[in-house]
Amino acid sequence: MKEPKGKAEGQENAPNFVHDLVREDLRTNKHGGRVVTRFPPEPNGYLHIGHAKSICLNFTTAELAEGGRCHLRFDDTNPEAEDTEYVESIREDVRWLGFDWGSHEYFASDYFQRLYDCAVDLIERGFAYVDSQTLEEIRAGRGDFYKPGVNSPFRERSVEENLDLFARMRAGEFEEGAHVLRAKIDMASKDVNLRDPLMYRIRKAHHHRTGDDWCIYPMYDYAHPMSDGFEGITHSICTLEFAHHNPLYQWFVNHFEFDPVPWQYEFARLNLTYTVMSKRLLKRLVEEGHVSGWDDPRMPTIAGMRRRGYTPAAIRRFAERIGVSRRDSIVDVGLLEHALREDLNATSPRTMAVLRPLKLVIENFPDDGQIDLGAPFSPDDPSFGSRTLHLTRELFVERDDFMEEPVKKWFRLAPGKEVRLRYGALVTCTDVVKNAAGEVTELRCTWDPESQGGNAPDGRRVRGTIHWVSAKHAVDAEVRLYDRLFNEENPLDEAHEGDFTARINPGSLEILQNAKLEPNLATRSHGERVQFERLGYFVVDPDSTAERPVYNRTIQLKDSWAKKRK
RNA sequence: UCCCGGGUCGUCUAAGGGCAGGACAACAGGCUUUGGACCUGUGAAUGGUGGUUCGAAUCCACCCCCGGGAACCA
């Protein structure tokens, strides 16, 4: 029978070659039905959306099998780069994304003794040796892409001498750089990584977890496959730049008797338009003050996206949709934004807030009159509930919703034009008040008392519907409008002048101090998400207080009017 | 100059000898008390040249382009 390999029309899940391979392994009962993966961050920085892709891939792959699991392993073999500070943020971010590693949290540093013992074993079997050349000699001896390497003069040391030297390295008898431990593989290999790679180097550095217990530290190429072996990993998933290490990965794993024998699979890392993803560049943005920190809502870090108002579900959905393949790509950030809007549209209560207030006075409305009107929090889902709006003589409307000399197809406020106040009433602009500078400071209107709630009493068509708040009831707030951090699709494109910071979008943050909110928006808690009707999705920032609410704009609504004007 | 990957609509991807399909974006229309959401429709692709075949995106050959690789980093 022919197994349909691709997905049919209307497919919900994007292609994922790793899932396909694992399903095949399950079918053939490879590893006895076990699937164990791991997410192995180095605790030297904050996680970003690229890591999120990997986290989703590793956890969803494990879920393919009954009893499958995904480990969280901190790959902390370089004491000079890592810090405990990052460990907690990584845990928090993975948890926030919605994944649970249960009791399977590990640290590569917990394996230092075991790794050492295995290295001794390799030495005893003649597969590793202590090299006493200088760094420069080792580098020169490795050759280059076109020339094979040459054997180190120390390559044929006796097992006894190697054992003695290695023990003394561990004991701290030598200075940094005096010796290294190397795997004895093949100095003439076309694969440069196989030319007797380093396994251990001397580093008299304080480790964030093991303190000063060790002065020799294992290299990634040795520690990683071994850690996978120790933990019973079946599918070791990493990004493409590690593909060259696969033969070496297998070499180490095959010199021990692991069950299961792990295998490494590589996939293409995520790149996004209008975004930089490397830890080094993100660090520069923070350190040079281009953003307020690792959790600045413009950052592609998980912490930044969380503060921006992204939902875990949107990120997971995005990761699923873009698929997993081996080809380099730059995903249109619009795909991410689509997943975001999709989730927010379904989950956000609708509210009203005026960002740039313009006073509107209803002249035929009593001075102290007030009409209470019910308004649902969702236009089509009653389970969201409703609140009461207060129609009063003085209101605030959006300055952008008024145009003194309207262009064609303008359905909003303009002299003589009638519009609907959402869930409020129909009002007609009768006059415009200006200050000495000629700026519009107030709109004078009349309303149709028959139109309470916004219904046209005679069925007349009123095309424009605008949002508003009662001046008397409005709560002042700060609103931070965020936009893409970069102006260019590919900020790293070398065709541009200057470095990537020259492409930062100067309009990526605009702070409005005088926004007017409907009252219920003043009492929401940090992280709560709402839609400000007609404007976009917003989230309560951690800086928010009861006295001074602060909202961040997560993303604008799709705006076909803005498009039309262009 | 060497080794390893990879090239399908603008973007991410299906189809792996038999109608090049989907999603996002774009465009057009419908509906609408959010110019939102939703619905309908349209345009849009197999890097090149040869070869095998009734038939090639798919197999073969050569070429071109892109990414990665020579840390005591991960």
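So you know, we letter chains A, B, ... as the sequences are listed, proteins then strands, and number each from 1.
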**Message:** Less than 4.0 angstrom between a side-chain N/O of A/Lys563 and OP1 or OP2 of B/C27, yes or no?
**Reply:** yes

**Asked** Can you find a side chain N or O atom of A/Arg326 that sits less than 4.0 Å from OP1 or OP2 on B/G68?
**Response** no

For nucleotides 31-36 of chain B, print each protein N/O atom paired with a nucleotide N/O atom at under 3.5 Å, atom names and distance only.
residue	atom	partner	partner atom	Å
B/U33	O4'	A/Arg420	NE	3.4
B/U33	O4'	A/Arg420	NH1	2.9
B/U33	O3'	A/Arg422	NH1	3.1
B/U33	O2'	A/Arg422	NH1	2.8
B/U33	O2	A/Tyr423	N	3.1
B/U33	N3	A/Gly453	O	2.5
B/U33	O4	A/Gly453	O	2.3
B/U33	O4	A/Gly454	N	3.2
B/U33	O4	A/Asn455	N	2.8
B/U33	O4	A/Asn455	OD1	2.8
B/U33	O4	A/Asn455	ND2	3.1
B/U34	O5'	A/Arg422	NH1	3.3
B/U34	O4'	A/Glu533	OE1	3.3
B/U34	N1	A/Glu533	OE1	3.3
B/U34	O2	A/Gln531	OE1	3.0
B/U34	O2	A/Arg534	N	2.6
B/U34	N3	A/Gln531	OE1	2.5
B/U34	O4	A/Arg350	NE	2.4
B/U34	O4	A/Arg350	NH2	3.0
B/G35	OP1	A/Arg534	NH1	2.7
B/G35	O3'	A/Ser560	OG	3.0
B/G35	O2'	A/Ser560	OG	3.4
B/G35	O2'	A/Trp561	N	3.4
B/G35	N7	A/Arg412	NH1	3.1
B/G35	O6	A/Lys409	O	3.4
B/G35	O6	A/Phe411	N	3.1
B/G35	N1	A/Lys409	O	2.8
B/G35	N2	A/Lys564	NZ	3.1
B/G36	OP1	A/Ser560	OG	2.9
B/G36	N2	A/Arg350	NH2	3.4

**Request:** Would you classify A/Ser189 as touching base, sugar-phosphate or nothing, given that sugar-phosphate means primed atoms plus P, OP1 and OP2, and contacts are heavy atoms under 4.0 Å?
**Result:** nothing

**Request:** Write down the distance separating the C1' atoms in B/A71 and B/U11, rounded off to the nearest Å.
**Result:** 35 Å

**Prompt:** Given the C1' atoms of B/C9 and B/C4, what is the spacing between them in whole Å?
**Reply:** 29 Å

**Request:** Send over the distance from A/Tyr46 OH to B/A74 P, rounded to a whole Å.
**Result:** 21 Å

**Message:** Does the structure show a Watson-Crick or G-U wobble partner for B/C54, both distances under 3.5 Å? Name it, or say none.
**Reply:** B/G18

**Asked** So, for A/Phe267 and A/Phe17, is the gap between ring centers shorter than 6.0 Å?
**Response** no

**Prompt:** Across the strands shown, which category fits A/Arg203 at heavy-atom distances under 4.0 angstrom: base, sugar-phosphate, nothing?
**Reply:** base

**Message:** Looking at A/Arg139 and A/Glu136, is any side-chain nitrogen of the basic one under 4.0 Å from a carboxylate oxygen of the acidic one?
**Reply:** no

**Request:** Take atom C1' in B/C12 and the same atom in B/C60, then report the distance between them in whole Å.
**Result:** 30 Å

**Message:** Check this one for me: any side-chain N or O of A/Arg142 less than 4.0 Å away from OP1 or OP2 of B/A71?
**Reply:** yes

**Prompt:** Are side-chain N/O atoms of A/His208 and A/Asp76 paired as donor and acceptor at under 3.5 Å?
**Reply:** yes

**Prompt:** Between B/U40 and B/A25, how far is it from one P atom to the other, in whole Å?
**Reply:** 15 Å

**Item:** Side-chain N or O of A/Arg182 closer than 4.0 Å to phosphate OP1/OP2 of B/C72
**Value:** no

**Asked** How about A/Tyr106 and A/Phe74: are their ring centres within less than 6.0 Å of each other?
**Response** no

**Asked** Over how many whole Å does the gap from A/Glu80 atom CD to B/C73 atom C1' extend?
**Response** 10 Å

**Item:** Aromatic ring proximity A/Phe242/A/Tyr220, centre distance under 6.0 Å
**Value:** yes

**Item:** A/Val180 side-chain proximity, nearest of B/A70, B/C72, B/C73
**Value:** B/C72

**Prompt:** Is A/Asp144 touching bases, backbone alone, or none of the nucleic acid, heavy atoms closer than 4.0 Å?
**Reply:** base

**Asked** For A/Arg327 and B/C66, is the shortest distance between a side-chain N/O and OP1 or OP2 below 4.0 Å?
**Response** no

**Distance test, side-chain N/O of A/Lys190 to OP1/OP2 of B/A70, below 4.0 Å** = no

**Item:** Pairing partner (Watson-Crick or G-U wobble, both distances under 3.5 angstrom) of B/C2
**Value:** B/G69

**Asked** Under 6.0 Å between the ring centres of A/Phe112 and A/His207?
**Response** yes

**Distance in angstrom units between A/His338 NE2 and B/G22 P, rounded** = 16 Å

**Prompt:** In whole angstrom, what separates A/Tyr220's OH from B/A71's P?
**Reply:** 17 Å

**Asked** Rounding to a whole Å, what distance do you find between A/Leu335:CG and B/G22:P?
**Response** 16 Å

**Prompt:** Which part of the nucleic acid does A/Phe242 contact within heavy-atom distance under 4.0 Å: base, sugar-phosphate only, or nothing?
**Reply:** base

**Message:** Under 4.0 Å, heavy atoms only, any strand: does A/Met219 hit a base, just the sugar-phosphate, or nothing?
**Reply:** sugar-phosphate

**Prompt:** Say you pick atom C1' in B/G18 and the same atom in B/A70; how far apart are they, in whole Å?
**Reply:** 47 Å

**Request:** Answer yes or no: is there a donor N or O on one side and an acceptor on the other, between the side chain of A/Gln452 and the main chain of A/Ala425, under 3.5 Å?
**Result:** no

**Message:** Which nucleotide wins on minimum distance to the side chain of A/Glu42, given the candidates B/C24, B/G5, B/A74?
**Reply:** B/A74

**Message:** Once you apply a heavy-atom cut-off of 4.0 Å, does A/His245 come out as touching a base, just sugar-phosphate, or nothing?
**Reply:** base

**Item:** Pairing nucleotide - B/U32, Watson-Crick or G-U, each distance under 3.5 Å
**Value:** none

**Asked** Between A/His244 and A/Glu342, which has a closest nucleotide on RNA chain B that is more 5'?
**Response** A/Glu342

**Message:** Looking at A/Thr77, I'd like to know whether one of its side-chain N or O atoms comes within less than 4.0 Å of OP1 or OP2 on B/A74.
**Reply:** yes

**Request:** Measure from CG on A/Leu248 to C1' on B/C73 and round the result to the nearest Å.
**Result:** 15 Å

**Asked** Across all strands, who's sitting opposite B/U46 as a Watson-Crick or G-U wobble pair, both distances under 3.5 Å?
**Response** none

**Message:** Does this structure show an ion pair linking A/Glu533 with A/Arg422, if we count only N-O contacts that are shorter than 4.0 Å?
**Reply:** yes

**Item:** Counterpart base for B/G41, defined by Watson-Crick or G-U wobble contacts under 3.5 Å
**Value:** B/C27

**Asked** Is the closest basic N to carboxylate O distance between A/Arg203 and A/Glu80 below 4.0 Å?
**Response** yes

**Atom C1', compared across B/G7 and B/A57: separation rounded to whole Å** = 12 Å

**Request:** Rounded off to whole Å, could you give me the CD-to-P distance for the A/Glu176 and B/A71 pair?
**Result:** 19 Å

**Request:** In whole angstrom, give me the gap between the P atoms of B/G48 and B/C65.
**Result:** 15 Å

**Request:** Could you give the distance separating B/G29 and B/A45 at their C1' atoms, to the nearest angstrom?
**Result:** 26 Å

**Prompt:** Between A/Tyr86 and A/Tyr46, how do the two ring planes meet: parallel, tilted or perpendicular, split at 30° and 60°?
**Reply:** perpendicular

**Request:** Starting at atom CZ of A/Arg195, determine the distance to atom P of B/C4, rounded to an integer number of angstrom.
**Result:** 13 Å

